There are 2 protein chains.
Amino acid sequence: MQKIDTKTKILNAAEQLFAERGFADTSLRLITSQAEVNLASVNYHFGSKKELIQAVLARYLDVFAPALESSLQALVDDEKRVDQIQVFNCLIEPLLALDSFKHQGTTVFLSLLGRGYVESQGHLRWYIMTHYGKVVGLFNHVVREANPHLSKEEIFWRLHFTLGSVVFTMASSKALIDIAKADFGADVDIEGLIHRVIPFIAAGVSSPAK
Amino acid sequence: MQKIDTKTKILNAAEQLFAERGFADTSLRLITSQAEVNLASVNYHFGSKKELIQAVLARYLDVFAPALESSLQALVDDEKRVDQIQVFNCLIEPLLALDSFKHQGTTVFLSLLGRGYVESQGHLRWYIMTHYGKVVGLFNHVVREANPHLSKEEIFWRLHFTLGSVVFTMASSKALIDIAKADFGADVDIEGLIHRVIPFIAAGVSSPAK
DNA sequence: CCTATCATTAAACAAACGTTTAAAATATAA
DNA sequence: TTATATTTTAAACGTTTGTTTAATGATAGG
């Protein structure tokens with residue numbers, strides 16, 4: 001049994017509560033009591049609640065962004081022509097890898113991403129663009145190559161529709177999975193959900209322009 | 001110039017702030033100062049903040065739900081076989097009608113819907129099902145008729161993916177439209193956005209089951 | 001061992017929160 | 001007009017919020 005330091009205990013408790021209840025509805029006292037650390041240690045180690053939120057997100061993005069980048073880079077290096085399915089596969093693997101990085105990591109990461117987008121009034125978008133702008137640009141480039149029939153603008157919107165499908169579903173995944181179990185008796189995990197959403201968004205992104 | 005009563009002034013201010021900043025990040029003091037009414041009048045007229053949130057949503061749902069219901073009912077009465085495009089058309093008109101019901105009504109309604117889904121920990125879903133369960137059931141029935149090749153479970157998830165695309169985009173529509181204008185010089189309004197998302201979600205919902 | 005740095009703790013801080021109160025003001029009805 | 005009911009108001013309520021303080025504990029280097 002290894003000893004977990006205070007900083008990590010805070011991050012672990014915070015990410016779970018943030019994903020489940022959102023940032024505004026999660027108090028530092030709730031976090032520190034679940035983490036079994038002192039209240040003041042959050043400000044000592046992270047400075048403020050806002051910086052704690054960024055640290056929680058950064059812990060995932062620092063794993064996810066490089067994995068996605070190398071995955072995308074390998075695609076553009078190896079393939080002469082890329083299609084949309086290949087682009088999505090680049091996303092799936094780094095996403096599912098988060099589940100071995102942390103328990104329920106994929107769900108937590110996508111929930112945090114969704115909540116960050118709708119709760120932070122654009123702060124998160126700015127944070128991601130300034131810290132991980134390179135991989136975002138690469139992703140955009142690859143999607144453009146895979147969909148030469150679509151304009152930049154059309155791709156911009158369809159990627160946001162895609163992001164909406166994924167993060168909205170993930171942000172409510174706990175409740176939705178419970179409903180699905182009650183109504184259909186079907187057990188769905190996060191991997192099943194991702195493989196369910198792929199045909200949906202692949203068809204949407206690659207649909208002909210109107 | 002007509003005089004607006006306190007109750008309406010509160011609802012107008014609240015819906016705008018709720019849509020822009022979310023429920024938890026909007027205080028009653030912010031609402032009442034923008035509405036230029038006394039702080040205590042919220043509790044006097046609505047009882048509590050939670051009931052105010054429900055009232056804000058109810059004002060839209062009481063217009064939207066009957067319009068959608070009659071639209072769907074006309075479809076099942078007139079047509080022998082319905083397809084997915086027709087089902088979406090039933091949604092579009094009542095949605096856009098909210099823009100003449102109130103200024104920016106469509107955006108506000110969809111933002112509120114999205115925020116309610118992810119912020120209220122299931123309270124809103126319960127509220128909608130108990131108060132507007134009839135039209136929800138009818139909608140589900142029509143979608144099933146339009147997609148006989150899909151199982152109940154598959155439809156359940158794809159409708160949530162659809163909802164995610166729409167409400168997530170709408171919840172961030174203000175920022176997204178600004179970005180799109182800066183990057184592409186393109187002016188997009190809410191109607192243009194809806195007509196842009198239709199091909200996306202139509203292709204997604206009607207895509208073959210894996 | 002002593003000291004200096006880092007970490008943890010209990011307590012208090014000011015500010016903001018939703019809500020309640022009781023009196024004043026306004027509107028309604030007889 | 002008088003009496004009754006409704007609405008508005010300023011003030012205060014008790015909690016909860018994020019943050020700070022100052023004292024204590026722990027750890028490592030000389």
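Within every chain, numbering begins at 1; the chains are lettered A, B, ... in the order of the sequence lines, protein sequences first and strands thereafter. Since this is a predicted model, take the numbers as computed values, not measurements.
Side chain to side chain, B/Q16 and B/Q34 meet the donor-acceptor criterion of an N or O pair below 3.5 Å.
A side-chain donor-acceptor contact under 3.5 Å links B/D99 to the backbone of B/T106.
Dashed line: the shortest gap from a side-chain N or O of A/S27 to OP1 or OP2 of D/dT17 is under 4.0 Å. Between B/T6 and D/dT7 there is no side-chain polar atom (N or O) within less than 4.0 angstrom of OP1 or OP2. Remark: A/H45 is in phosphate contact with C/dT8, judged by side-chain N or O atoms under 4.0 Å from OP1 or OP2.
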Donor-acceptor contacts under 3.5 Å from residues 184-194 of chain A side chains, at least two apart:
unit_1	atom_1	unit_2	atom_2	d
A/D187	OD1	A/K181	NZ	3.4
A/D189	OD1	A/G192	N	2.8

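Only at 4.0 angstrom or more do the heavy atoms of residues 8-20 of chain A sit from any atom of DNA chain C, so none qualifies.
Taking the centre of each ring, A/H160 and A/F156 come in below the 6.0 Å mark.
Not a single ring-ring contact (aromatic ring centres under 6.0 Å, His included) links B/H45 to another residue, sequence neighbours left out. A/F109 pairs by the ring-ring contact (aromatic ring centres under 6.0 Å, His included) definition with A/Y60, A/F64, not counting sequence neighbours.
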Q. Reading nucleotides 10-15 of chain C 5' to 3', which nucleotides get B (base under 4.0 Å from a protein heavy atom), which S (sugar-phosphate only), which -?
A. B-B---
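Rounding to whole angstrom units, CG of residue A/N43 and C1' of D/dT20 are separated by 8 Å. Protein atom CG of A/L28 is 9 Å distant from nucleotide atom C1' of D/dT19, rounded to whole Å.
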**Q.** Under the 3.5 Å Watson-Crick or G-U criterion, the dot-bracket string of DNA chain C, with | for inter-strand pairs
**A.** |||||..|||||.|||||||||||||||||
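Within 6.0 Å of CD in B/E93 there are 12 or fewer heavy atoms belonging to other residues, nucleotides or ligands.
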